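Below is one structure; the comments refer to it alone.
Ligands are counted one by one from 1 in listed order, and the atoms in each one are counted from 1 as well. Since we're looking at a predicted model, the values are computed, not measured.
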Amino acid sequence: MTQPFVHQPLPTRVIFGTGTLAQLGAELERIGSRRALVLSTPGRAEAQARAIAASLGERSAGVFAGAVMHTPVEVTESALDVVRERAADAFVAFGGGSVTGLGKALALRTDLPQIVLPTTYAGSEMTPVLGEVAAGTKTTRKDPRIQPEIVIYDVELTLSLPAGVSATSGMNAIAHAVEALYAWERSPLTSLMAEQGIASLAETLPRIIDRPQDREARAGALYGAWLCGSCLGMVGMALHHKLCHVLGGTFNLPHAETHTIVLPHAAAYNTPAAGSAMARAARALGTADAACGLYDLAGRLGATQALRDLGMPESGIEEAVRRTMADPYWNPRPLEAEALRELLARAWHGKRPSLAG
Ligand code: NAD
């Protein structure tokens, strides 16, 4: 029998395809923007951002190419000065989760509209969630002003994403969907999207590792990223995301790589309490068991599988358990310190996930 549920769809307008960047001007027109500021990371992306700004002609307020990982508030404040100086009335975030984070931080402070052009599979563009770092501490908040108004997915923009970054960024997206399958706010629609998102990424990421220029595989992965990011936007996060936030914040570990390592172990931890959700994840992965399927997928993609190889000290396991238990997210299985210690020890060594429960 169908269980009772609440479903709250996202308000974001989504345009998906190849060559869709050409629609940016028309989309800015649709939201009434006359001076949009293009955001990017420094380096190679900046040149592309300048080309995008140039293509907008008078509708452009230029480029701010200072986005960095974890959205530090000092960077947001520098960008805000540029927004005021140039009287920008909208943001175009061109890049991965780091650039999307800057666009969200600016939108939160100005309530100006955002158009995101994602170039990775992180999925942040579909969520009302913002993580920011101030004085060395990362805080996460949810606010409707953070949710981007428009997302333009253009497969062409992802072709240059290196295979290794594609792999970990895709595993980060899969993590959103795995946790959506057992989230307490899940609905039949978020579960359908999550299962399809995992299946699409699990099928296409190995093809991208073999042939990074395979446009069909790139399109499938970006489609999966949209589905997985949408799930994260509609439901909450649980143990897996909590562990990654603690590990990233405490030991300054890289975001997508940490997700890739922790996910199989968090899935194993939750399997005894979320059997039917994990059975759907396993079906999407085409394996008998979701946790082992995720571990084997990461291995097939050539991803780093041990936290020690990211530079985390072994002595940090105890600190991570303490921080996770001190301020937990909702989780289908209650948090048990000893089992979390075992989970993190396996992840630190890069062992297969434990199916002991
Ligand atoms: P990222 O944006 O930092 O990009 C990773 C690297 O890939 C960077 O060096 C970037 O310059 C490069 N890159 C990006 N696209 C490229 C392309 N097409 N070609 C070549 N190089 C490219 O990493 P990410 O994994 O996309 O995002 C991570 C950040 O996003 C973290 O700060 C994380 O907290 C945040 N995030 C937030 C949410 C949310 O809902 N709030 C969700 C997921 C991730």
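- Proximity of S169 to ligand 1, defined as any heavy-atom pair under 4.0 Å, is not found for any part of the residue.
- Residue-to-ligand polar distances keep N172 apart from ligand 1: every N/O pair is separated by 3.5 Å or more.
- Nearest protein heavy-atom contact of atom 41 (N) of ligand 1 is V129 O, 2.9 Å.
- Considering only non-hydrogen protein atoms, atom 19 (N) of ligand 1 sits nearest to S160 OG, 2.8 Å.
- Residue contacts with ligand 1 for L232 involve side-chain atoms from C-beta outward but no N, CA, C or O (heavy atoms, distance under 4.0 Å).
- Every N/O-N/O distance between G123 and ligand 1 stays at or above 3.5 Å.
- Polar contact check, T119 against ligand 1: a nitrogen or oxygen pair lies under 3.5 Å apart.
- Proximity to G97 (heavy-atom distance under 4.0 Å) selects the following atoms of ligand 1: 2 (O), 24 (P), 26 (O), 27 (O), 29 (C), 30 (O).
- Regarding atom 21 (N) of ligand 1, its nearest protein heavy-atom neighbour is P162 CD, 3.9 Å.
- Ligand 1 has no nitrogen or oxygen under 3.5 angstrom from a nitrogen or oxygen of L130.
- For the residue pair H176/H241, the side-chain donor-acceptor check at 3.5 Å is satisfied.
- The option with the heavy atom closest to atom 42 (C) of ligand 1, from among C228, C244, G229, S124, is S124.
- Each of the following atoms of ligand 1 lies closer than 4.0 Å to a heavy atom of G96: 2 (O), 26 (O).
- Within a 4.0 Å radius of atom 31 (C) of ligand 1, the protein contributes at least one heavy atom.
- Under the side chain to side chain contact (heavy atoms under 4.5 Å, CB included) test applied with Y121, the options N172, L161, T168 reduce to a single match, L161.
- Each side chain to side chain donor-acceptor pair (under 3.5 Å) pair with one or both residues in residues 283-293, not counting sequence neighbours, appears once here: E195-R283.
- Regarding atom 6 (C) of ligand 1, its nearest protein heavy-atom neighbour is V165 CG1, 4.4 Å.
- Listed by number with element, the atoms of ligand 1 under 4.0 angstrom from any heavy atom of T127 are 39 (C), 40 (O), 41 (N).
- Each of the atoms 18 (N) of ligand 1 lies under 4.0 Å from some heavy atom of L157.
- Residue L161 touches ligand 1 through backbone and side chain together, judged by heavy-atom distances below 4.0 Å.
- The shortest N or O to N or O distance between S98 and ligand 1 is below 3.5 Å.
- Closest to atom 44 (C) of ligand 1, if we only count protein heavy atoms, is H255 NE2, 3.5 Å.
- The distance from the OH atom of Y153 to the CG atom of L117 is 11.0 Å, given to the nearest 0.5 Å.
- Nearest protein heavy-atom neighbour of atom 25 (O) of ligand 1: A122 CB, 3.9 Å.
- When hydrogens are left out, the protein atom nearest atom 10 (C) of ligand 1 is T41 OG1, 4.7 Å; that is the closest non-hydrogen contact.
- Residue T158 places no N or O, backbone or side chain, under 3.5 Å from any N or O of ligand 1.
- Atom 37 (C) of ligand 1 lies below 4.0 Å from at least one non-hydrogen atom of the protein.
- A donor-acceptor contact shorter than 3.5 Å is absent between the side chain of S33 and the backbone of L28.
- Look at M126 and you'll find every heavy atom at least 4.0 Å from all atoms of ligand 1.
- At the shortest separation from atom 4 (O) of ligand 1 among protein heavy atoms lies T120 CG2, 4.2 Å.
- L80 belongs to a hydrophobic cluster whose remaining members, ordered by chain and number, are L37, L39, F64, V68, V75, V82, V83, F91, V99, L102, L106, L112; membership requires side-chain heavy atoms of ILVMFWY residues under 4.5 Å apart, directly or through intermediates.
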